[in-house]
Amino acid sequence: MTTIERFILDQEEKYPEATGELSNLLYDIALAAKIIAASIRRAGLVNILGSAGATNVQGEEQQKLDLFANATLTNALNHTGRVCVMASEEDEMLIPVPDNYPVGKYVVLYDPLDGSSNIDVNGAVGTIFSIYRRVSLEGHGALADVLQAGCKQVAAGYVIYGSSTMLVYTTGQGVAGFTLDPSIGEFLLSHPKLVTPRVGKYYSVNESNFARWQKGTQWAVRGLHGDRPEEIKGKNSRYIGSLVADFHRNLIAGGIFLYPSDSRNPDGKLRLLYECSPMAFIAEQAGGSATDGTRRILDIMPDHLHQRTPLVIGSREDVGYVADTLRSLQQDRA
Ligand code: AHG
Ligand code: MN
Ligand code: MN
C-alpha cells in the first residue's frame, strides 16, 4: 500500500533541488479534500444542503457547501508560508495571505466545489486545483502571479466525491490517482499511471444548447452521434453536469467533453483558471488533449481572473476530430 504522502515524497526524491514545499502544499490540499469529503458524506444529515442565499461574482447561486469547501481550502493554505496568493471561483478578488502570516513561492487557484447543482440530488461533485510558481519577486502575491498561461502550472489536480473519493493529480510527470480509504482516513495509490485511450467511447455535452451552437459545433456533435461514419465512429452519450465527474469518467474509459460557445455564452461557461487549465494539464499528461476550438488551452494567456473559455477536452483523436471539423467549417465560411 502506498499512501499519498509516500508517493509525493518518492516523486520529490527524484529532484535533488526540491525543497519539499510543493509536497507539503499537496498534503495541505489532500487534508482539505478529506475535510470536504467528510462533510459531503454527511450532507443529508446536517444542515448543509441547499442555497446559501447569495450569488458569486459570475451571478451563480452559491450553495452552502460551495462556501464551506471554499473556506476549508483557503484556511488549509493561507497560514502555511508556502503560498503568496490564492484565487477561487467563489471570490471576486484575489485571496491574500493574512498580514500576520508568512508568504511562500506558490500560487494556488481553485474551484472549491465543482458541479454544485448536483449536491442536493446526491450526484458526484468535485474540487479542482491549480498551482503555479509566483512570478512577482517578493512580498504578497499580485494579479500577475495568478494570470499565467496554463503551460506554466507546476501541478494540477482534482478530487472527485463519487461512490468513493479520489484525488487525481499531476506535477508534469504523468497522472496518478489515489482513493480515500475512509476506514483509515488516507488516500492510497490506486491508479499509479493514468493514461487515457486515444479514441473514446463517450461524448459529453449539454445538448439542450444545440440550437444555440454555431454550425461547426452542431456539425461536429452530429459526427459524434454517428451521423458521419466515414469520418468518425459514433459514440455513446454521458453527461452529468459536473465537469470533474464527466472528465474523470472520460479519462478512465476514453471520451470527449465539450462546453462550446453558444449564442447566450459566447465564451462558453467554464472558467479558464479554475476549471479548464488544470483539467487540460491533466488531460495532456494522460495522453489526451484540450483546445478551445482553435488554440491549445494551456497556451491561452488569461487577462482576467474569472475569464471563461470554450472547452473541448479528452481523448486525443476525438478532440482532433472536433477541432478539425470546427476549423474546416470556419474556412468554408471565410
Ligand atoms: P460549478 O458548480 O463549479 O459552477 O461548475 C458547474 C460547471 C461544470 O461542473 C459543468 O461541467 C457545467 O457547469 C455544467 O453546466 P450546464 O448545467 O450548463 O450543462
Ligand atoms: Mn466548476
Ligand atoms: Mn464551483
Side-chain angles (χ1 to χ4, degrees), residues 29 33 36-37 69 89 109-119 123-130 150 153 155-170 174-179 190-191 193-207 221 224 235-260 268-293 296-298 300 308-323:
I29 293 172
I36 297 168
E89 181 189 275
L109 295 93
Y110 37 91
D111 176 355
L113 203 69
D114 173 69
S116 53
S117 67
N118 282 295
I119 300 165
V125 291
T127 293
I128 309 173
F129 62 90
S130 166
Q153 287 172 104
Y158 62 83
V159 185
I160 174 167
Y161 311 101
S163 45
S164 58
T165 297
M166 270 189 79
L167 190 152
V168 173
Y169 84 96
T170 182
V175 181
F178 302 81
T179 301
S190 52
H191 298 69
K193 184 144 183 58
L194 277 165
V195 176
T196 199
R198 289 178 63 82
V199 179
K201 282 194 214 163
Y202 299 120
Y203 77 96
S204 310
V205 65
N206 186 341
E207 299 219 51
V221 172
L224 299 174
K235 300 187 187 298
N236 211 341
S237 163
R238 290 282 186 278
Y239 190 74
I240 294 170
S242 185
L243 173 66
V244 167
D246 282 309
F247 177 88
H248 183 72
R249 179 198 53 249
N250 292 355
L251 180 73
I252 308 260
I256 181 168
F257 173 96
L258 303 90
Y259 211 112
K269 176 178 182 189
L270 301 177
R271 281 121 309 199
L272 177 63
L273 290 171
Y274 317 112
E275 295 172 318
C276 302
S277 281
M279 291 312 213
F281 190 21
I282 297 164
E284 287 197 3
Q285 284 294 318
S289 64
T291 169
D292 70 351
R296 179 180 173 230
I297 292 288
L298 294 182
I300 301 176
R308 294 171 195 262
T309 175
L311 176 68
V312 181
I313 190 166
S315 292
R316 183 178 291 266
E317 288 191 17
D318 300 329
V319 173
Y321 160 75
V322 171

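Each residue takes its place number in the sequence, starting with 1.
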Between [X] (side chain only) and [Y] (backbone N and O only), is there a donor and an acceptor less than 3.5 Å apart?
X	Y	value
Gln285	Phe281	no
Ser315	Pro197	yes
Asp246	Ile240	yes
Ser242	Ala124	yes
Arg238	Gly255	no
Ser204	Tyr239	no

Apply ring-ring contact (aromatic ring centres under 6.0 Å, His included) to Tyr274 and list each qualifying residue two or more places apart in sequence or on a separate chain. His306
Tyr110: ring-ring contact (aromatic ring centres under 6.0 Å, His included) partners, not counting sequence neighbours: none
Looking at [atom1] of [X] and [atom2] of [Y], how far apart are the two atoms once the value is rounded to the nearest 0.5 Å?
X	Y	atom1	atom2	value
Glu89	Asp114	CD	CG	7.0 Å
Ile313	Glu284	CD1	CD	8.5 Å
Arg308	Leu270	CZ	CG	8.5 Å
Leu311	Cys276	CG	SG	4.5 Å
Ile160	Thr127	CD1	OG1	10.5 Å
Arg271	Asp111	CZ	CG	6.5 Å

Under a 4.5 Å cut-off applied to non-hydrogen side-chain atoms, are [X] and [Y] in contact?
X	Y	result
Thr309	Ile300	yes
Lys235	Asp318	yes
Val205	Pro260	yes
Gln153	Leu298	yes
His191	Ile252	yes

Quick check: closest heavy atoms across [X] and [Y], and the distance to 0.1 Å?
X	Y	answer
Ala290	Ala280	CB-CB, 3.5 Å
Ser190	Thr179	OG-OG1, 2.7 Å
Leu251	Thr196	O-OG1, 2.8 Å

Kindly write out the residues that satisfy side chain to side chain donor-acceptor pair (under 3.5 Å) with [X], not counting sequence neighbours, or none if the list is empty.
X	result
Asp292	Thr294, Arg295
Thr291	none
Glu207	Tyr203, His225
Lys201	none

Go through the steps for Leu224 and Leu258 under the test side chain to side chain contact (heavy atoms under 4.5 Å, CB included), then give the verdict. CA-CA 11 Å; Leu224 299 174; Leu258 303 90; 3.9 Å; yes
Check the orientation of His248 and Tyr158. Use parallel for under 30°, tilted for 30 to 60°, and perpendicular for over 60°. perpendicular
